[in-house]
Structures are given as structure tokens and as C-alpha cells.
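So the structure is just underneath, and the comments pick up after that.
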Number of protein chains: 2
Amino acid sequence: MSEYEHTCMIRGDGGKTLRAILDQICNKWTLLVVATLDEKRVRFTDLRQQIPGISQRMLTLTLRNLERDGLVSRTVHAEVPPRVEYKLTPTGRSLLPPALALAGWAMEHVPHIEASRVAYGKRT
Amino acid sequence: MSEYEHTCMIRGDGGKTLRAILDQICNKWTLLVVATLDEKRVRFTDLRQQIPGISQRMLTLTLRNLERDGLVSRTVHAEVPPRVEYKLTPTGRSLLPPALALAGWAMEHVPHIEASRVAYGKRT
DNA sequence: CCGTATCCATACCGATACTG
DNA sequence: CAGTATCGGTATGGATACGG
């Protein structure tokens, strides 16, 4: 698919539904959770430790939304202590390449952006 | 670069700076503005009309942030009525492929996600 | 261990009115 | 035309405490 067609798509439906989905994906933690899950099955606590700064509340909420959207599956093991594991669904894994591409872009351009912000701050 | 390395990168610096940049890019309007600008030079009002639902205020704020980050250039023409045109910088254009990839992913999966939400809502 | 519930501060963002 | 300023509702998200 060409970039032109993509550009049309992004405005295709008046932007209503699409923006709702994008908002859901591009929030504070979702991309990070998806990237951290990657191909693995991960326990709640491990996930929490691998994502510095996320609160228990936000991790729960983010996982619930991803589960609701069919991007993450949740497995509860009947043990004590309880063990809950999360894993990307096939749809969730299909988000991985674009998500990592965006994250990669951000990483590559952090220095440039920070420099630009400093320069912008110094303008009269 | 492999996906594995990307996955490392996204957690590379403790996530502090990276998440700040990602938050800036992945907010309510930024991706939409970048995708709409595309390769063109666009006037403020035209931009506003091409992005359904954006308020004047949010368009201004979004453009100012993009300008500050060095992703968009702003040109004021000394005319009456005033004419201000925006255009992606080379750095801004480099964001286009990942941004459109993500938007494309979202478009493709809107039906699946909506269906999943309905199903999730019906669960006991 | 894996959540949920509550409180609270802040950030976001739309509406509106006003300026060069 | 292209903004800026201000107000106020809502959403976001951290901290904490508690429950299964």
C-alpha cells in the first residue's frame, strides 16, 4: 500500500473511529506494555518490574484495555500464590512491528529533539 | 535492526526520556497533523479543515510543540490577510513512515477491535 | 500474588471571547 | 486569517489502603 493511500485512510471516516483507536493505542503505557510483552508470556509482577515507573493501577488498566481490544490474552493459573500470565494475541503481535518502528524512531531522534527544544527555548 | 534490539531500546534508558518523547508524538492530535501535512506546505486554516474535530486551540498547540521539537517549520508571509504555512522538516518527514504504519495498522484492525469490545462487554 | 477501591492533584482540551 | 487568553468540565494517573 502506498503512503498516499495511507494518508487517505487516516482521514477516511472523518477521523472519528480511527482517532478513538489511535488514542487507545498511543497512550502513556500501551505501546510500552506491548513492546515489553513482545513474544513472551509474562507474569503481572515481572511486567511491572520491566516497565520502570508504571503503577500497579495503570498496569492493570492498560492490560484490561488491551484484553478488551483482543490484543492481549490473560491466563489465570489455579495455584497459591496465584499466577496470572499475559501474552500478545496474534492481533497484538501484528501491532509489534509498527509499535517498535515508532519507538525506534523516537529513540533515534531523542538527541535531535532535545537539542531543538533547547534552541527553541533560547529564541527571543 | 532486529526487533530484539528495538525491544531493548524501548527500555534502554529506564524509559524516562523515551517515554517523554513518545508521549509528545502519540498524543491526541500530533500523528494526525503529521500525516495530514505529509509532503505538502499547508496553511493553518486548510489544516484545520482537513482534520475534522480539531479546535483552533489544539491545532495551534500541536503545531507549536512540533515546531519546538524541530519536526515542523512555520513560515509567515507578510501579506494581508496574513498567510502562515506549515511544512514538515526532514526530521518530521522521517516520522512519516512509522506514523503512517501505525495509522494503517489501526485502520486495518478497527473492525476486529470493535468486535472484540462488543464481545468483552457481553461477558458475564 | 494479583488485583480493586478510593482519594486527590494535575493535565488535557473544548468553548468562547478577544486581538493584530 | 491566524492566532492568544481565559474558564471550566472531564480524563488521567499517582498514592494509598484494602480484599481474594
Neighbours of DNA chain C within residues 56-78 of chain A, by heavy-atom distance under 4.0 Å: Q56(A), R57(A), T60(A), R64(A), R74(A)
What pairs with [X] under side chain to side chain donor-acceptor pair (under 3.5 Å), at least two apart in sequence or on another chain?
X	answer
T91(A)	H112(B)
N65(A)	none
S94(B)	W105(A), H109(A)
R117(B)	D69(A)

Just the dot-bracket of DNA chain D, please: which string comes out with Watson-Crick or G-U pairs under 3.5 Å, [ ] for crossing, | for another strand? ||||||||||||||||||.|
I'd like to know if the side chain of R41(A) reaches the main chain of K87(A), judged simply by a donor and an acceptor atom lying under 3.5 Å from each other, with no hydrogens or angles considered. no
List the steps and the verdict of side-chain contact (heavy atoms from CB on, under 4.5 Å) for I54(A) and L32(A). CA-CA 10 Å; I54(A) 197 170; L32(A) 232 36; over 6 Å; no
Give, for atom [atom1] of [X] and atom [atom2] of [Y], the distance between the pair rounded to the nearest 0.5 Å.
X	Y	atom1	atom2	value
W29(B)	T36(B)	CH2	OG1	10.0 Å
L59(A)	R64(A)	CG	CZ	9.0 Å
L31(A)	L95(A)	CG	CG	6.5 Å

Partners of [X] by side-chain contact (heavy atoms from CB on, under 4.5 Å), sequence neighbours excluded?
X	value
S116(A)	none
R57(A)	S55(A), L61(A)
V42(B)	L37(B), K40(B), D46(B), L47(B), Q50(B)

Need two values: the first and the last nucleotide of DNA chain C, 5' to 3', having an atom under 4.0 Å from any heavy-atom of chain B.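 So the contact region on DNA chain C extends dC13(C) to dG20(C).
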Walking along DNA chain D from 5' to 3', note the first and the last nucleotide with an atom under 4.0 Å from a heavy atom of chain A, and give both.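 It runs dG13(D) to dG20(D).
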Taking the nucleotide of DNA chain C with the nearest heavy atom to each, does W29(B) or D46(A) sit closer to the 5' end? D46(A)
Summary of salt bridge (Lys or Arg N to Asp or Glu O under 4.0 Å) pairs that have at least one residue in residues 72-82 of chain A, sequence neighbours excluded: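 Every pair satisfying salt bridge (Lys or Arg N to Asp or Glu O under 4.0 Å) with a residue in residues 72-82 of chain A: E79(A)-R83(A).
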By nearest nucleotide on DNA chain D, pick out whichever of P82(A) and R43(B) is the more 5' one.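 It is R43(B), whose closest nucleotide lies nearer the 5' terminus.
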